[in-house]
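Just so it is clear, the model here is predicted, and its values are computed rather than measured. Index from 1, following the sequence. Order of appearance sets the numbers: ligands from 1, and atoms from 1 within every ligand.
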Amino acid sequence: MMITLTKWSLCFIFCLAHSTLVPAKHLCLPDQKDALSEFKNEFYVHDPTGYGEKKTTKWKNNTDCCSWDGVSCDPKTGVVVKLDLHGSFLNGPLRSKSSLFRLQHLQSLYLRSNNLSGILPDSISNLKYLTFLDLGHCNLFGKIPSSLGNLSHLTTLDLSYNHFTGELPDSMGHLNKLEKLCLGRAGLSGNFPYLLLNLSSLMWIELGSNQFKGMLPSNMSSLSKLEVFDVSENAFSGIVPSSLFMISSLVELNLGRNHFNGPLEIGNISSVSKLQNLYIGKNNFSGPIPGFISKLIGLSELSLSSWNTGKGIVDFSIFLHLKSLTSLDLSYLNTRSMVDLSIFSNLKLLSVLDLSGIHLNISLTLHFPSPMIMLVLSSCNIDEFPKFLENQTSLMYLDISANQIEGQIPEWLPNSLIVFIASDNQFSGEIPRAICELDNLYTLVLSNNNFSGFIPKCFEMFNSSLLILHLSNNSLSGVIPEEIISDRLISLDVGGNLLSGKLPKSLINCTQLQFLNVEDNIINDKFPSWLSLLPNLQILVLRSNEFYGPIFSPGDSLIFPKLRIFDISDNSFSGVLPSDYFVGWSVMSSVVDIDDIRLVFGILGDNRESYQRSVVMTIKGVERELVGSGYKIYKNFDISGNRLEGDIPESIGLLKELILLNMSNNAFTGHIPPSLPNLRNLQSLDLSKNKLSGKIPPELGKLTFLSLMNFSYNNLEGLIPQGTQIETQNSSSFAGNPGLCGVPLQVTCGGEEEEEETKQEKEQQVFSWMAAALGYVPGVVYGLTIGHILSSYRRDWFMKIFHYFA
Ligand SMILES: *[C@@H]1O[C@H](CO)[C@@H](O)[C@H](O)[C@H]1NC(C)=O
Ligand SMILES: *[C@@H]1O[C@H](CO)[C@@H](O)[C@H](O)[C@H]1NC(C)=O
Ligand SMILES: *[C@@H]1O[C@H](CO)[C@@H](O)[C@H](O)[C@H]1NC(C)=O
Ligand SMILES: *[C@@H]1O[C@H](CO)[C@@H](O)[C@H](O)[C@H]1NC(C)=O
Ligand SMILES: *[C@@H]1O[C@H](CO)[C@@H](O)[C@H](O)[C@H]1NC(C)=O
Ligand SMILES: *[C@@H]1O[C@H](CO)[C@@H](O)[C@H](O)[C@H]1NC(C)=O
Ligand SMILES: *[C@@H]1O[C@H](CO)[C@@H](O)[C@H](O)[C@H]1NC(C)=O
Ligand SMILES: *[C@@H]1O[C@H](CO)[C@@H](O)[C@H](O)[C@H]1NC(C)=O
Ligand SMILES: *[C@@H]1O[C@H](CO)[C@@H](O)[C@H](O)[C@H]1NC(C)=O
Ligand SMILES: *[C@@H]1O[C@H](CO)[C@@H](O)[C@H](O)[C@H]1NC(C)=O
Ligand SMILES: *[C@@H]1O[C@H](CO)[C@@H](O)[C@H](O)[C@H]1NC(C)=O
Ligand SMILES: *[C@@H]1O[C@H](CO)[C@@H](O)[C@H](O)[C@H]1NC(C)=O
């Protein structure tokens with residue numbers, strides 16, 4: 001559930017509460033002061049916000065260092081015992097000889113949320129009196145040093161949110177005073193760290209969101225003081241040891257999002273369990289839901305999501321004993337039981353409920369007294385908008401997607417809504433103006449319904465909040481109103497409607513926009529080159545509209561800093577592409593993989609599937625029959641089905657991370673650029689139905705991933721290059737080229753020697769687009785651009801260019 005996402009911040013607050021400041025009474029000692037001053041100078045302080053608290057910048061040499069921000073001294077001896085510089089915008093590595101390690105008496109070191117980009121040096125063990133160490137969110141990498149095992153006084157260790165590699169060092173098995181260990185999202189892997197079983201003081205173990213695998217140890221009873229155990233989002237498998245449930249101090253157990261399987265045995269709970277939060281959802285448990293759950297009467301939050309009952313019966317009454325429940329996730333239990341929603345109305349404290357995938361009976365007269373905050377009823381076979389929602393005036397998150405609800409969205413939607421997801425139903429009529437009254441809405445997903453009429457202009461009401469607006473696959477008409485565009489928009493999908501007119505110019509102000517899809521409408525506009533300035537745009541789909549004119553005009557500089565999917569196919573674009581056309585498209589030409597799009601999903605927490613569907617559907621459209629890895633890595637360029645002409649720009653060779661390239665169905669002439677084989681990751685290449693002439697570059701035959709290719713209906717000639725991928729192609733991929741010969745065509749070649757290639761001509765081409773690019777790009781990006789060209793072109797190409805120069 002979304003609620004669990006806050007766990008690590010809890011871990012962090014818990015740690016924080018343990019570190020109260022000791023007021024300084026004495027002047028600090030000179031060596032301590034020197035060490036602090038030097039430490040300060042080891043970092044570059046950079047605060048992009050301008051408003052942050054930069055503690056070290058306020059340290060004054062001529063004052064008592066014990067009074068410096070974040071510094072606390074022992075009142076008797078004047079030595080520094082505590083340093084709290086969390087979130088102080090420190091940039092720079094923690095050096096092994098850092099003057100920090102001269103503060104030998106430190107007991108508490110709190111550097112969370114600084115950019116210490118680098119390794120954690122062995123010399124951390126010099127601070128041998130440390131009881132509290134928090135280096136969470138510090139951009140640390142490399143191995144966790146085994147010297148940590150020498151910090152024998154440690155009670156709290158927080159290394160969460162870093163990029164460490166490998167396992168915990170065995171030496172940590174000596175930290176026998178350790179009470180709290182926070183390692184969420186720290187980059188760790190390997191088996192469960194057995195050494196933890198030696199640490200019988202542990203109250204808090206947090207290993208979530210790492211790459212741990214294997215089974216949990218069968219006997220965990222040595223952890224007799226454990227209160228919180230979180231190993232969620234790893235790859236643990238096997239049976240959950242019943243000894244875990246025997247730990248009578250346990251308050252929170254989070255095993256969610258692993259591969260654990262059943263049966264789940266929890267032994268004999270005779271004493272009253274202290275368990276409050278139990279998350280075991282998104283695993284591979286199967287069989288009946290264990291009845292013992294009804295005995296856990298202290299439970300406040302419970303998730304059994306994706307427990308596979310194998311289309312069996314679920315006795316929902318077992319949950320009714322759990323009177324303290326505030327959050328219940330029973331989504332996707334694969335049950336054939338139908339449940340009457342009213343039974344949950346007896347849980348008076350309930351505020352979060354997810355029953356997705358369960359066949360629900362919701363009576364029109366249902367009275368649901370507990371004020372809900374989040375209600376997820378996706379795929380519940382609901383055919384009428386639940387009337388009881390009218391009185392749910394605290395509801396913030398409502399997902400009723402993938403049901404069979406017909407008719408209109410009622411006027412009485414609760415004003416408290418922040419997220420409203422109603423996609424995949426049969427809603428019809430206009431989008432009600434009542435939506436306009438939802439002042440706090442930041443996500444609205446109404447895709448895949450039958451809404452008609454205009455998009456209401458009222459969305460300007462959201463100008464402070466709307467982040468996600470998905471209205472795809474309805475029957476909406478008219479223009480996309482400028483008013484619906486909020487500056488903070490992250491994702492806009494209005495594909496598959498009857499929208500006309502032009503793209504709203506106000507999109508230019510959406511600096512957060514990552515995803516824009518207007519496919520399958522009748523939008524009649526010029527190429528929106530102004531979108532190329534949007535710093536976060538990753539996916540741009542204009543497919544199947546009435547866009548026209550050139551996709552480039554002199555004076556435009558197409559930058560598209562993060563674009564990785566560009567689909568403008570099936571429009572009426574025309575004109576010639578300049579040779580440097582692809583110089584600015586940095587993501588498609590670099591290995592850097594941007595997955596910011598997850599931010600969008602992150603906003604929706606765990607219940608992102610229905611929203612995600614529309615993004616994925618759009619991308620699936622682009623990738624067509626390509627199989628393989630997930631959509632995250634796709635880098636696609638599709639300009640097929642237009643009227644583009646002239647040469648295919650040589651600079652296409654820069655887009656070396658492209659997976660799909662489709663330029664078919666245009667009027668391109670000239671040769672296939674010799675730089676094309678540079679696109680080594682290409683899986684699909686379609687150049688069919690153009691007027692290309694000359695030979696197919698032989699090196700295309702060597703591209704190992706290129707499984708789909710189509711050169712048909714051009715004027716290509718000569719021998720089809722040989723290579724395993726080419727030989728497996730259907731002959732239709734080469735049809736309609738009278739001059740082509742060789743496998744897989746039936747035509748054998750005449751045998752005449754390849755005529756002397758006009759090598760110099762080719763080199764000249766390459767040189768001229770490079771020169772154009774360099775002359776063209778403004779000074780600031782000059783170095784960057786050269787960098788791209790350098791890294792993108794194989795060495796031999798360089799030698800040729802160099803040779804040409806000389
Ligand atoms: C403060 O003291 C440190 C070390 O004692 C010295 O390096 C630095 O120059 C001093 N700064 C000022 C502004 O006096
Ligand atoms: C952190 O520091 C590294 C290395 O100095 C730098 O490349 C990176 O951009 C910094 N990150 C942030 C968020 O400032
Ligand atoms: C721990 O301390 C001992 C004794 O001071 C020392 O010999 C050893 O090298 C230290 N271990 C590490 C890993 O630093
Ligand atoms: C377990 O802790 C004891 C001291 O409490 C220590 O002597 C022993 O070496 C530790 N074992 C492991 C495997 O770390
Ligand atoms: C588990 O360990 C505890 C103490 O460490 C021991 O008393 C108990 O017998 C063990 N149980 C099993 C089933 O091994
Ligand atoms: C889930 O369990 C089934 C058998 O019950 C097994 O076939 C499948 O591989 C398991 N899946 C995972 C992801 O562990
Ligand atoms: C569970 O424990 C209680 C009391 O401790 C005992 O009476 C009962 O027989 C036990 N049940 C089982 C199944 O072991
Ligand atoms: C739904 O619940 C109502 C009242 O609780 C009941 O009368 C009706 O038969 C139920 N419908 C189905 C299909 O079970
Ligand atoms: C909503 O509350 C009002 C007043 O308390 C009540 O009259 C009405 O029946 C309730 N509606 C539903 C659907 O529960
Ligand atoms: C969608 O609504 C239109 C009227 O706006 C109606 O003619 C059409 O039949 C509806 N389509 C579906 C699939 O319900
Ligand atoms: C929308 O923005 C305009 C101008 O920025 C502002 O005047 C107006 O109050 C805003 N509306 C809302 C509902 O925030
Ligand atoms: C973009 O925002 C600026 C400042 O808020 C505003 O002046 C300008 O009109 C906006 N541009 C568009 C096209 O809406």
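- There is no protein heavy atom closer than 4.0 angstrom to atom 4 (C) of ligand 12.
- Under the 6.0 Å cut-off for aromatic ring centres, Y332 and W307 do not qualify, their centroids lying 6.0 Å or more apart.
- Ring orientation note: the planes of H137 and Y161 are close to parallel, at an angle under 30° on the 30°/60° scale.
- For F164 and F141, the ring centers sit 6.0 Å or farther from each other.
- In terms of protein heavy-atom proximity, atom 1 (C) of ligand 2 is nearest to N115 ND2, 1.5 Å.
- Close approach of ligand 8 to D340 is summarised as follows: ligand atoms under 4.0 Å from at least one heavy atom of the residue are 2 (O), 5 (O).
- Per-atom contact check: atom 11 (N) of ligand 12 touches the protein, criterion being a heavy-atom distance below 4.0 Å.
- Proximity of a side-chain donor or acceptor of N162 to a complementary backbone N or O of S160 within less than 3.5 Å is detected.
- Side-chain contact between V352 and L328 is absent, with no heavy-atom pair separated by less than 4.5 Å.
- Remark: E657 does not engage R564 in a salt bridge, criterion side-chain N to carboxylate O under 4.0 Å.
- Counting protein heavy atoms under 4.0 angstrom from atom 14 (O) of ligand 8 gives one or more.
- Within ligand 12, the atoms closer than 4.0 Å to a non-hydrogen atom of K505 are 13 (C), numbered from 1 in the order shown.
- Nearest to atom 9 (O) of ligand 12 among the protein's heavy atoms is N509 ND2, 4.8 Å.
- Within a 4.0 Å radius of atom 7 (O) of ligand 12, the protein contributes no heavy atom.
- Checking only distances, N361 does come within under 3.5 Å of ligand 8, N or O to N or O.
- Residue I508 approaches ligand 12 through these ligand atoms, each under 4.0 Å from one of its heavy atoms: 13 (C).
- Close contacts between ligand 2 and N91 involve ligand atoms 1 (C), 14 (O) [criterion: under 4.0 Å to a heavy atom].
- When side chains are defined from C-beta on, I565 does not count as touching F515, because their heavy atoms never get closer than 4.5 Å.
- Ring centroid separation for the pair F39 and W59 does not come in under the 6.0 Å cut-off.
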